[in-house]
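As the structure is a computational prediction, the values presented were derived from the model and not from experiment. When reading the values below, keep in mind they use all heavy atoms of this one structure, side chains included, and skip hydrogens, waters and symmetry mates.
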Amino acid sequence: MAWFGVKSLYHFGESSKGLNIFEERIVVFEADDSKLAHAKAEQEAEEYAQDNDFKLHNDQIGYRQDGKPLIDGYEVWSELFEASLTLEQFYEEHHEKYSYCPDDT
């Protein structure tokens, strides 16, 4: 089986300044393929959001890891951001606006 890191985005809450706070988390999963890794990530992310009363963005970004085995379901990275954007606006600005998609030619 392979290891996959999957990044999820959450609306974490609101700051004392009235700005939205967002959390990006990367959690690793062992799986036969990316489809199974994303299914495991979706379940973990939904539980994390529900347990913390966060709103989960419906898109996730995954990457197949190289190297040695990791710990299934282990959070390897988390970062908080503050913005006046909605969850959907933040996702578009932070993840889609500057995405690099190399030409297939």
Side-chain angles (χ1 to χ4, degrees):
M1 286 210 276
W3 287 93
F4 297 84
V6 181
K7 180 167 54 171
S8 298
L9 175 65
Y10 307 85
H11 179 255
F12 185 87
E14 191 174 293
S15 74
S16 60
K17 297 180 271 184
L19 298 174
N20 289 318
I21 301 170
F22 304 100
E23 180 184 16
E24 289 183 333
R25 292 174 72 232
I26 297 176
V27 179
V28 293
F29 299 94
E30 187 175 28
D32 288 329
D33 57 34
S34 63
K35 185 176 180 177
L36 179 57
H38 276 281
K40 291 172 82 171
E42 287 174 13
Q43 180 179 350
E44 190 280 336
E46 288 171 1
E47 290 173 8
Y48 180 78
Q50 185 177 10
D51 289 349
N52 293 288
D53 199 26
F54 297 161
K55 181 178 178 189
L56 172 64
H57 192 276
N58 61 350
D59 285 343
Q60 292 180 318
I61 300 168
Y63 178 78
R64 183 178 173 145
Q65 301 294 305
D66 298 327
K68 297 183 179 188
L70 303 168
I71 298 170
D72 194 47
Y74 188 75
E75 177 183 288
V76 294
W77 183 75
S78 174
E79 185 172 358
L80 298 176
F81 299 89
E82 183 179 55
S84 60
L85 305 170
T86 66
L87 181 62
E88 290 74 20
Q89 291 168 333
F90 181 85
Y91 183 84
E92 182 178 321
E93 179 72 22
H94 196 71
H95 291 96
E96 294 178 349
K97 187 173 183 179
Y98 300 106
S99 273
Y100 174 68
C101 300
D103 295 333
D104 292 342
T105 59

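For the side-chain contact (heavy atoms from CB on, under 4.5 Å) with Val28, the qualifying choice from Trp77, Tyr63, Tyr74 is Tyr74, the only one to do so. Applying ring pair (Phe, Tyr, Trp, His ring centres under 6.0 Å) to Phe81 and the options Phe22, Phe90, Tyr91 leaves one that passes, Phe90.
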- [ ] Before giving the answer on side chain to side chain contact (heavy atoms under 4.5 Å, CB included), spell out for Glu42 and Gln60 the whole-Å C-alpha distance, their side-chain angles and the decisive distance to 0.1 Å.
- [x] CA-CA 8 Å; Glu42 287 174 13; Gln60 292 180 318; 3.4 Å; yes
Report task. Evaluate the criterion side chain to side chain contact (heavy atoms under 4.5 Å, CB included) for residue pair His95 and Glu24; output intermediate values, then yes/no. Result -> CA-CA 11 Å; His95 291 96; Glu24 289 183 333; 2.6 Å; yes
Could you walk me through whether Gln43 and Tyr48 pass the side chain to side chain donor-acceptor pair (under 3.5 Å) check? CA-CA 9 Å; Gln43 180 179 350; Tyr48 180 78; over 6 Å; no
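Using a 4.5 Å cut-off between side-chain heavy atoms of Ile, Leu, Val, Met, Phe, Trp and Tyr, with links allowed through other members, Ile26 and Trp3 fall into the same hydrophobic cluster. Both Leu70 and Val76 belong to a common hydrophobic cluster when Ile, Leu, Val, Met, Phe, Trp and Tyr are linked at side-chain heavy-atom distances under 4.5 angstrom.
The main-chain N or O of Glu47 is never found under 3.5 Å from a side-chain atom of Gln50 such that the two would form a donor-acceptor pair. Side-chain atoms of Asp33 come within 3.5 Å of backbone N or O of Lys35 as a donor-acceptor pair. Judged by distance alone, the side chain of Asn20 and the main-chain N or O of Leu85 form a donor-acceptor pair under 3.5 Å.
With respect to Lys55 and Glu88, a salt bridge is recorded, a charged nitrogen being found less than 4.0 Å from a carboxylate O. Under 4.0 Å is where a charged nitrogen must lie from a carboxylate oxygen, and between Glu82 and Lys17 at least one such pair does.
With rounding to the nearest 0.5 angstrom, the CZ atom of Phe12 is 13.5 Å from the CG atom of Leu87. For the atom pair CD of Glu14 and CG of Leu19, the computed distance is 8.0 Å after rounding to the nearest 0.5 Å. Taking CZ of Arg25 as the start and CG of Leu56 as the end, the distance is 10.0 Å to the nearest 0.5 Å. Atom CG of Asn58 sits about 10.5 Å away from atom OG of Ser8, to the nearest 0.5 Å.
The heavy-atom pair separating Val6 from Ala41 by the smallest distance is CG1-CB, 3.5 Å. Residues Ala31 and Ala37 share a closest heavy-atom pair of CB-N, 3.5 Å. Taking each heavy atom of Gln65 and Gly5 in turn, the nearest pair found is NE2-N, 3.5 Å. In terms of heavy atoms, Glu30 sits closest to Asp72 at N-OD1, 2.8 Å.
Around atom CG of Asp53, no more than 12 heavy atoms belonging to other residues, nucleotides or ligands sit under 6.0 Å away.
Checked by atom type, the side-chain pair Glu23/Ser78 shows a donor-acceptor distance below 3.5 Å.
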